[in-house]
There are 2 protein chains.
Amino acid sequence: METTQQQAGQPATAERRRRELLEAADRVVLRDGPKASMNAIAAEAGITKPILYRHFGDKAGLYQALAVRHTDALLESLRAALDAPAERRRRVENTLDTYLAAIEARPQVYRFLMHPAEDSHAAERGFDVGLHSAPLLRRLGEELAKVIAERVDLGPGGDELARVWGHGIVGMMHAAGDWWLGERPCARAALVSGLTDLLWGRLGTAGNLAGGPGF
Amino acid sequence: METTQQQAGQPATAERRRRELLEAADRVVLRDGPKASMNAIAAEAGITKPILYRHFGDKAGLYQALAVRHTDALLESLRAALDAPAERRRRVENTLDTYLAAIEARPQVYRFLMHPAEDSHAAERGFDVGLHSAPLLRRLGEELAKVIAERVDLGPGGDELARVWGHGIVGMMHAAGDWWLGERPCARAALVSGLTDLLWGRLGTAGNLAGGPGF
DNA sequence: CAGCACACGTTACTAGCGGTAACTTCGACC
DNA sequence: GGTCGAAGTTACCGCTAGTAACGTGTGCTG
């Protein structure tokens, strides 16, 4: 670690450096989960903390930059599934499956995205409830809402309803996926078809169980 | 803060003290949100940190004790809504509305329940993804699954499907509620009926929007 | 070439966190 | 009276996020 470490050089180093740092941070987060500390990230990048702070402001900034990258990637694949030519139910199934495959393949990333530190001295006096939930969820909800609103005929007030549905469906997908990832109670395909059945109203049409109190 | 502060006394002080501490912690969490520190809680209770640790082991222990209390209370009211005599759709609407009313009335508590510190040196080596989600969500999901499984006829494999639905529905409720609480885009009743429509399969039956790419 | 400016990097620090060790003090019981 | 144990304290550890102050190399400009 002598002072003669960087060969310096290119003037466009700024953006480059930023991406290098992000990739180092990525590695650490992938390895250590959400407990990744700024010190650890700096060490992985071969530098020290203040540089991180110069580039990203604070931890929330770094995390957000990381989250945006991953969220973008996930969103892109989800949009592809949502846009593929198929009947509506098939599209929904494919989208759910894409999401589940993603969180299954890289659970650490998923976990990180859902738990953005949350500290961030926001919440100062007046605790703005609401924005506590992971940005990923909000973004996915809004994106899905947009797709629904522009493609499905929901009558008057449809935009508002589409947003309700967007956030609701995303939440369903998230919670079920989280539970499934933890307990692995069934195959991915079974989860997908179960959720799609739910969305297709099977709860409303299924009969009461004989002998029970009814529902 | 002289040493002659507590009048001591009763031998059954242990349980009493524990409840006093929990109530103090409750007050602090209600005031400071999830950033409530052990120091602050101890101060509010009029004592110092080590006592808290003697009673609850660590922060996670205290938080869990707090969470159990609130979760129990919420669960009870939800169960009441779920058991009230009415047709199925009405029960679902009432349950959703009960949940939303609860988080609307005490958003700080809600926020605390959804963010159980998460630190807890679990996640050691092997980051057990999955259990990161708030215990409240898991518990609600399992409870709902139980209700569904014992009342609705879902055919073979129904128990597994019920769990999928339980967690899915709870997730939907949570995410939509979180979003709604943050943006307040509509009245509570509108959100409830929108979500119920979703659960009753309106997404499957709604027509495509004329002129769009179809969905 | 001198010198200025600036980005890049460092060491060394603060304030606060969760958690603990060691000591004191009080009340009960034999 | 003397001892035992719970309740409570102060003072600390190791860690975190974040910052201030101090080099050091490079390119531009007089």
Side-chain angles (χ1 to χ4, degrees), chain A residues 1-21 24-25 28-29 32-66 115-124, chain B residues 1-21 24-25 28-29 32-66 115-124:
Chain A
M1 291 294 179
E2 287 79 35
T3 53
T4 330
Q5 177 192 355
Q6 78 289 8
Q7 70 267 31
Q10 297 81 337
T13 317
E15 285 297 317
R16 244 189 139 60
R17 204 74 175 124
R18 189 186 161 94
R19 290 171 71 180
E20 287 177 17
L21 296 185
V28 175
V29 165
D32 297 352
K35 339 182 33 161
S37 78
M38 296 298 264
N39 253 327
I41 294 174
E44 169 74 25
I47 44 105
T48 49
K49 269 193 302 177
I51 307 184
L52 280 183
Y53 284 94
R54 278 223 257 269
H55 274 274
F56 301 102
D58 61 354
K59 189 175 186 175
L62 202 176
Y63 274 34
Q64 184 180 334
L66 265 182
H115 260 287
E118 130 104 20
D119 36 43
S120 89
H121 22 67
E124 289 162 344
Chain B
M1 292 292 178
E2 289 80 34
T3 52
T4 329
Q5 178 192 354
Q6 79 289 8
Q7 69 265 32
Q10 298 81 336
T13 316
E15 284 298 316
R16 243 189 140 61
R17 202 72 174 127
R18 188 186 162 93
R19 290 171 72 179
E20 286 177 19
L21 296 186
V28 175
V29 164
D32 296 351
K35 339 182 31 158
S37 79
M38 294 299 266
N39 253 326
I41 293 174
E44 169 73 26
I47 44 106
T48 49
K49 271 195 299 178
I51 307 184
L52 280 183
Y53 284 94
R54 278 223 254 273
H55 274 276
F56 301 102
D58 61 355
K59 189 175 186 174
L62 202 176
Y63 273 33
Q64 183 180 336
L66 265 183
H115 258 288
E118 132 105 16
D119 38 41
S120 88
H121 21 69
E124 291 162 345

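To find a chain, count down the sequence lines: A is the first, B the second, and so on, and within it residues start at 1.
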From D/dA17, C/dG19, C/dG9, nucleotide with atom closest to A/Arg54 side chain
C/dG9
Would you compute the distance between atom NZ of B/Lys49 and atom NZ of B/Lys59 and round it to the nearest 0.5 angstrom?
10.5 Å
Just how far, in rounded Å, is P of C/dT10 from CG of A/Leu52?
10 Å
Determine the minimum heavy-atom distance between A/Arg18 and A/Ala65, stating which atoms define it.
NH2-CB, 3.9 Å
Ignoring backbone atoms, test whether B/Arg17 places a side-chain nitrogen or oxygen under 4.0 Å from the OP1 or OP2 oxygen of D/dG8.
yes
Measure from CD1 on A/Ile41 to C1' on D/dT16 and round the result to the nearest Å.
13 Å
Nearest atoms (heavy-atom pairs only) where A/Ala42 meets A/Leu52:
N-CD1, 3.7 Å
Does OP1 or OP2 of D/dG8 have a side-chain N or O of B/Thr48 closer than 4.0 Å?
no
Grab the CG-P distance between A/Asp58 and D/dA17 for me, whole Å please.
11 Å
d(CG, B/Asn39; P, C/dG16) in whole Å:
10 Å
Measure CZ/B/Phe56 against P/C/dG19 and give the value in whole Å, please.
13 Å
How long is the line joining NZ of A/Lys49 and C1' of D/dA17, in whole Å?
6 Å
From CD1 of A/Ile51 across to P of C/dT11 the rounded distance in Å is 10 Å
Between C1' of D/dC15 and CE of B/Met38, the distance in whole Å:
16 Å
A/Leu21 and side-chain contact (heavy atoms from CB on, under 4.5 Å): which single residue from A/Ile47, A/Leu62, A/Ile41 fits?
A/Ile47
Check this for me: does the side-chain of A/Lys59 come within 3.5 Å of the base of D/dG18 through a donor and an acceptor?
no
